Colleague: 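Right, I'll just put the structure down here and ask away after.
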Protein chains: 2
Amino acid sequence: MKEKVFVVDDEEDILNLVSLHLKRAGYQVKEFKEAGSFLQEIEKERPALVVLDLMLPDMDGIEVCRLLKSDSKYGDIYVLMLTALSSETDVVLGLELGADDYVTKPFSPRELVARVKAVLRRGKGESEAHTVEIKGILKLDFEGYRVWVKGKEIELTATEFRILKILIEKKGRVLSREKILDYLWGNEKYVIERTVDVHIRHLREKLGEAGCFIKNVRGVGYRFEA
Amino acid sequence: MKEKVFVVDDEEDILNLVSLHLKRAGYQVKEFKEAGSFLQEIEKERPALVVLDLMLPDMDGIEVCRLLKSDSKYGDIYVLMLTALSSETDVVLGLELGADDYVTKPFSPRELVARVKAVLRRGKGESEAHTVEIKGILKLDFEGYRVWVKGKEIELTATEFRILKILIEKKGRVLSREKILDYLWGNEKYVIERTVDVHIRHLREKLGEAGCFIKNVRGVGYRFEA
DNA sequence: CACTCCTGTCAATAATTTTTATCAAAAAAT
DNA sequence: ATTTTTTGATAAAAATTATTGACAGGAGTG
């Protein structure tokens, strides 16, 4: 199940539109017509992200955003602002407030969902993760030692991860088994070359759809090719 | 007006690129082609952050970073390193030196600006709020060395607190036991790596429900993940 | 001094990972 | 077509690693 997202907007049409598309994208959505009820609700239930209209009847969206971002209790809830006009001042203001992204009306639902996704993804890595994404289906976080295939996290062992990493870093080039072992263990220990094959097999298996990126070059070694 | 940022890089193209985008983002930028003139300048005028190339003609970026971070006069200037290759040693070195973040070339200007922002925001947040709240169930007060889980205060020893702190500060990244010990004791004393495990155990125990935030990455180290 | 609490070490165990061995299948060479 | 070489798959052994409980020395406290 995906994250909880709250939507706050006084225009019913927009509220429904946004809500519908986020639900369709798999998020758990709750709707709010004004800031008051929203602020009450987050005391009890915390969303991962809030889609917040800049203009609200009872309270400015800016105020709400400032409130959220200044309270350490809510500081890690992401805020995506909806602005009526693309006037730059609004935008900058929104971002200076600490909003994590913004979308200007009118917007396409597709764009909105894409941005929600992007912000939440960024959040998972705390925006500091150094990640690489390949062909949109394989993603690595080199610092967190994490790997995703089509958005789903898979578990690699340390050795598997390191082999995948070196292959990707040297992508396009063939690495001999010897080189790979050398990268893994230096001259700390002696390991027979067939071992690499087994790791590669495990890797391919776990990578599933992305497994075919690891190509074998007969008689030479392995190569990563997207 | 936004903060002052200095950029030090010997490659003119990169220097211009970085400078341009930072200016466009509203920062007050000054450019330096070598470490010498930069070091002279910070005597007179102090930036909030320095974008520093790892490779400089007259002096290694590493040296400059070490210099800044070891001098209490400059210790609170943030450093963002530019590294040519994502080769791990460079990266690790950079971070161990005390650099606040790094970007590997080639980088997108957008990413660079985002990281500058992130580092500066982090800095601001720290000076204002000495407290962090995670997922609404774990709260730390860095100045008071106090911790709450679901609103209830728990007692941590100094060492436990410091480990938790570094894990949270580097959240999303795996920290090796060596790094953790290094952070705790520097090279003042030699401690066996298994010791970290014991502290982690105590931490998890005391953290109760929040204990599962500390994940182990077999063969590598520990990671904080909310 | 006696006491408590913190920190570090050790050892046992449980769990996982890495390596090796073996055999089947595929590709290349003869 | 047959043989040789190389890789892929599987299972099992060997090695490594994390977790846990127990304990000892030492710093700090009353």
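The shown structure was predicted, so the numbers you read here are calculated from the model rather than taken from an experiment. Residue numbers begin at 1 in each chain, while the letters A, B, ... track the order of the sequences. Reckoned from all heavy atoms, side chains included, excluding hydrogens, waters and symmetry mates.
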Colleague: Once you apply a heavy-atom cut-off of 4.0 Å, does A/V217 come out as touching a base, just sugar-phosphate, or nothing?
Modeller: sugar-phosphate

Colleague: Base, sugar-phosphate alone, or nothing: which one does B/T159 contact when heavy atoms must sit under 4.0 Å apart?
Modeller: sugar-phosphate

Colleague: Which of the following nucleotides, D/dA9, D/dT7, C/dT7, is nearest to the side chain of B/H202?
Modeller: C/dT7

Colleague: Using the six-membered ring of B/F224, assess whether NZ or CZ of B/K215 lies under 6.0 Å from its centre and within 45 degrees of the ring axis.
Modeller: no

Colleague: Atom NE2 of B/H199 to atom C1' of C/dT7: distance rounded to whole Å?
Modeller: 6 Å

Colleague: Hey, which of these two, B/K206 or A/R218, hits DNA chain C nearer its 5' end, going by closest nucleotide?
Modeller: B/K206

Colleague: Rounded to the nearest 0.5 Å, what separation is found between the CD1 atom of A/I192 and the CG atom of A/L181?
Modeller: 9.5 Å

Colleague: How close or far is atom C1' of D/dA18 from atom CD1 of B/I200, stated in whole angstroms?
Modeller: 11 Å

Colleague: May I ask you to evaluate whether A/W185 reaches the phosphate of C/dT19, defined as a side-chain N or O under 4.0 Å from OP1 or OP2?
Modeller: yes

Colleague: Roughly, in whole Å, what's the span from CZ in A/R194 to C1' in C/dC23?
Modeller: 12 Å

Colleague: Ignoring the backbone of B/A158, work out which of D/dT10, C/dT7, C/dT9 is nearest its side chain.
Modeller: C/dT7

Colleague: Considering only NZ, NE, NH1 and NH2 on the basic side and carboxylate oxygens on the acidic side, decide whether A/E193 and A/R177 come within less than 4.0 Å.
Modeller: no

Colleague: Once you round it to whole Å, what is the distance between P of C/dT9 and CD of B/E193?
Modeller: 11 Å

Colleague: How close or far is atom P of C/dG8 from atom CD1 of B/I180, stated in whole angstroms?
Modeller: 13 Å

Colleague: Counting only side-chain nitrogens and oxygens, does B/Y222 get under 4.0 Å of the OP1 or OP2 atom of D/dT19?
Modeller: yes

Colleague: Side chain of A/N216 only, heavy atoms from C-beta on: which candidate in C/dA21, D/dT19, D/dT7 is closest?
Modeller: D/dT7

Colleague: Checking contacts here: which listed nucleotide (D/dG8, C/dT7, D/dT19) is nearest the side-chain heavy atoms of B/R204?
Modeller: D/dT19

Colleague: Please report the distance, rounded to the nearest Å, between CG in A/L181 and P in C/dT19.
Modeller: 8 Å

Colleague: Under a 3.5 Å threshold, yes or no: a donor from one side chain and an acceptor from the other, between B/Y74 and B/E43?
Modeller: yes

Colleague: For A/G219 and A/K189, find the nucleotide of DNA chain D closest to each by heavy atoms; which residue's nucleotide sits nearer the 5' end?
Modeller: A/G219

Colleague: Mind calculating the distance between CZ (B/F161) and P (C/dC6) to the nearest angstrom?
Modeller: 15 Å

Colleague: Nearest-Å distance, CZ (B/R223) to C1' (D/dA18)?
Modeller: 16 Å

Colleague: Can the positive tip of A/K4 be found less than 6.0 Å from the middle of the six-membered ring of A/Y27, inside 45° of the ring normal?
Modeller: no

Colleague: Below 4.0 angstrom from OP1 or OP2 of C/dT7, is there any side-chain N or O of B/T157?
Modeller: yes

Colleague: Taking OP1 and OP2 of C/dT9, is either one under 4.0 Å from a side-chain nitrogen or oxygen of B/T195?
Modeller: yes

